[in-house]
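Note on naming: letters A, B, ... go to the chains in the order of the sequence lines (proteins, then strands), and numbering restarts at 1 for each one. Computed from heavy atoms alone, side chains included, the values below leave out hydrogens, waters and symmetry copies.
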2 protein chains.
Amino acid sequence: MAESTETGLPRAVAIAWGMQEVPQRGPSRGLSHERIVAAAVEIADADGLPAVTMQAVAKSLGFTTMSLYRYVSSKDELLRLMQDAALTVPETVRLDEDWRAALHQWAGLIRDAYRAHPWALSIPRDQTSVLMPNTMRTVDVALAAMRDLALDDAEKLGTIMVISQHAAGMVELELSLNDAGTLAITAEGAEMLGEVVTAERHPHLRALMARGHYVPLGGPSRDADGGADDAGADGAVPPPAEDVDEEYTFGLDLLLDGLAARAENR
Amino acid sequence: MAESTETGLPRAVAIAWGMQEVPQRGPSRGLSHERIVAAAVEIADADGLPAVTMQAVAKSLGFTTMSLYRYVSSKDELLRLMQDAALTVPETVRLDEDWRAALHQWAGLIRDAYRAHPWALSIPRDQTSVLMPNTMRTVDVALAAMRDLALDDAEKLGTIMVISQHAAGMVELELSLNDAGTLAITAEGAEMLGEVVTAERHPHLRALMARGHYVPLGGPSRDADGGADDAGADGAVPPPAEDVDEEYTFGLDLLLDGLAARAENR
DNA sequence: GCTCATCTGCGTAAGACATACACGGAGTAT
DNA sequence: ATACTCCGTGTATGTCTTACGCAGATGAGC
């Protein structure tokens, strides 16, 4: 699957690290990996990942589609390069002394990166990703943040995994909610849901929804219906408030609490 | 984007909940949403998500490609239905009394579901997903697990998000590693990496790698080279052992520790 | 029972896309 | 010079989703 060079490294890795030997004989090159990736990133930022087609990238550079294949062996390879390009960490990070604050900062950096390039979430992170320069740099910064934390290597790597996963997941959630307009449940829709989310099959969820969480039910539970929150023109119930931010912090703090507890037991 | 019915719910939601009114007048239907989704799931299980094309699904059912569109308005809708179909929770779950054990069980269920249908990880979970029957059922079970936990609704939902995210992420990682054979870094590749992962730019990572973690460096750090672990025929360094399982448990326990701490402070 | 609007499954075809392949010419090494 | 290498391009193929229209099946209402 992953094209590999004769060095045994995936080609995308070699390219990203600048290990790719450049040909000597032929005409001089009109393009470069950097320009191609930059063009692709620009398109993705503007119109989303589906808009990144080989033709679109080539056209934005003023070249033909096929010319890209002189630099990139497949679209997949281009996507990997884009992913690494998206997940940068500022060159100089001033990390807090306190490991807890530092990890908070670090998680924020990852979160910001994903927010700046949401499409990066749609590119699967496989084993190749961990060898890419920006991933490695990011890991290094995380390790710096945990310098004074009494954990062994494996635990630190585990922590990095879990926190970055969390940050990515929360951004994904946040975006799918912001996407909204897409989905504002109408009063009728809410009522229909209220009928199928039965109390026998979903006792706890049902109760929680009646309390106004998860998805606001307008229906059969006739208590909060004559609502003051019905601001929409056609009775559309607005999506739950911007509490994704809270969930992000909540989850992160949960993890850090756990870390603190674990580190203390040493 | 999400096709919505006249009820204001995304059509996939209506279908999954069986809210879709069936036409009366015409000829009887030869297919059903269930059969189509089941066929698609089977193909995905066998050959991966890319193998799920409308043509493949139709052929496996003995129908023409276009006939599917009488039941499903787009491939995207089919994917959403597949996702929900993949993430089932056993009808009767016997949860442990202890919330901690119960959450462990619950996380295991999610993990198992993803493991059984890895392709489900590739289908983006958007706002529609939370309205699907199996998602709601899963959430309900999680809430049951946390019945005795002193957290408010928002915190519980946050916990559910974080844990399921974690489980999904770990399965994704696990699979990308198992995929291997794809990527076994050769000694030469490791050496090349060793040259670019410099100590100035990656002081902590570098040290950690020298200790044999993350990615085994065979190169310039001439200490662990004459290796007893060089079992591969052509000097391929095997990928790091199956410690994904440990990372999963580690992260989960971290979260549960955090929860315990939070609940105690009430 | 007749009639007609409705619905079924199908065939065709259009429009994106990734990408294999070969060619003419540019540029370098000998 | 000459031969070799490599560039950018044009053409072409195969795969995929999906719009559109058709002939026949089926039930509703008279």
### Query
When the nearest nucleotide of DNA chain D is assigned to B:G26 and to A:T65 on a heavy-atom basis, which residue is associated with the more 5' position?
A:T65

Report the distance from atom [atom1] of [X] to atom [atom2] of [N], rounded to the nearest whole Å.
X     : N      : atom1 : atom2 : answer
A:M54 : D:dA12 : CE    : P     : 21 Å
A:Q24 : D:dC7  : CD    : P     : 11 Å
B:L68 : D:dT17 : CG    : P     : 10 Å
A:L61 : D:dC7  : CG    : C1'   : 16 Å
A:R70 : D:dT5  : CZ    : C1'   : 10 Å
B:L78 : D:dT18 : CG    : P     : 10 Å
B:L49 : D:dC16 : CG    : C1'   : 14 Å
B:Y69 : C:dA13 : OH    : C1'   : 14 Å

When you measure from the side chain of [X] to the backbone of [Y], do you find a donor-acceptor pair of N or O atoms at a distance under 3.5 Å?
X      : Y      : value
B:H166 : A:H166 : no
B:R137 : A:R201 : yes
B:T138 : B:N134 : yes
A:R35  : A:G30  : yes

### Task
Please tell me if the side chains of B:M136 and A:V196 come closer than 4.5 Å, counting only heavy atoms from C-beta onward.
no

[N] OP1/OP2 closer than 4.0 Å to side-chain N/O of [X]:
X     : N      : result
A:Y71 : D:dG8  : yes
A:R29 : D:dC7  : yes
A:T64 : D:dG8  : no
A:Q55 : C:dA18 : yes

Check every strand shown and say whether [X] touches a base, only sugar-phosphate, or nothing at a heavy-atom separation below 4.0 Å.
X     : answer
A:S28 : sugar-phosphate
B:T53 : sugar-phosphate
B:M66 : base

Which nucleotide in [options] has an atom nearest any side-chain atom of [X]:
X     : options               : answer
A:P27 : C:dG25, D:dT9, D:dT18 : C:dG25
A:K75 : C:dT19, C:dG9, D:dG8  : C:dT19
A:R25 : D:dT5, C:dT19, C:dT8  : D:dT5
A:F63 : C:dC17, D:dG8, C:dC21 : D:dG8

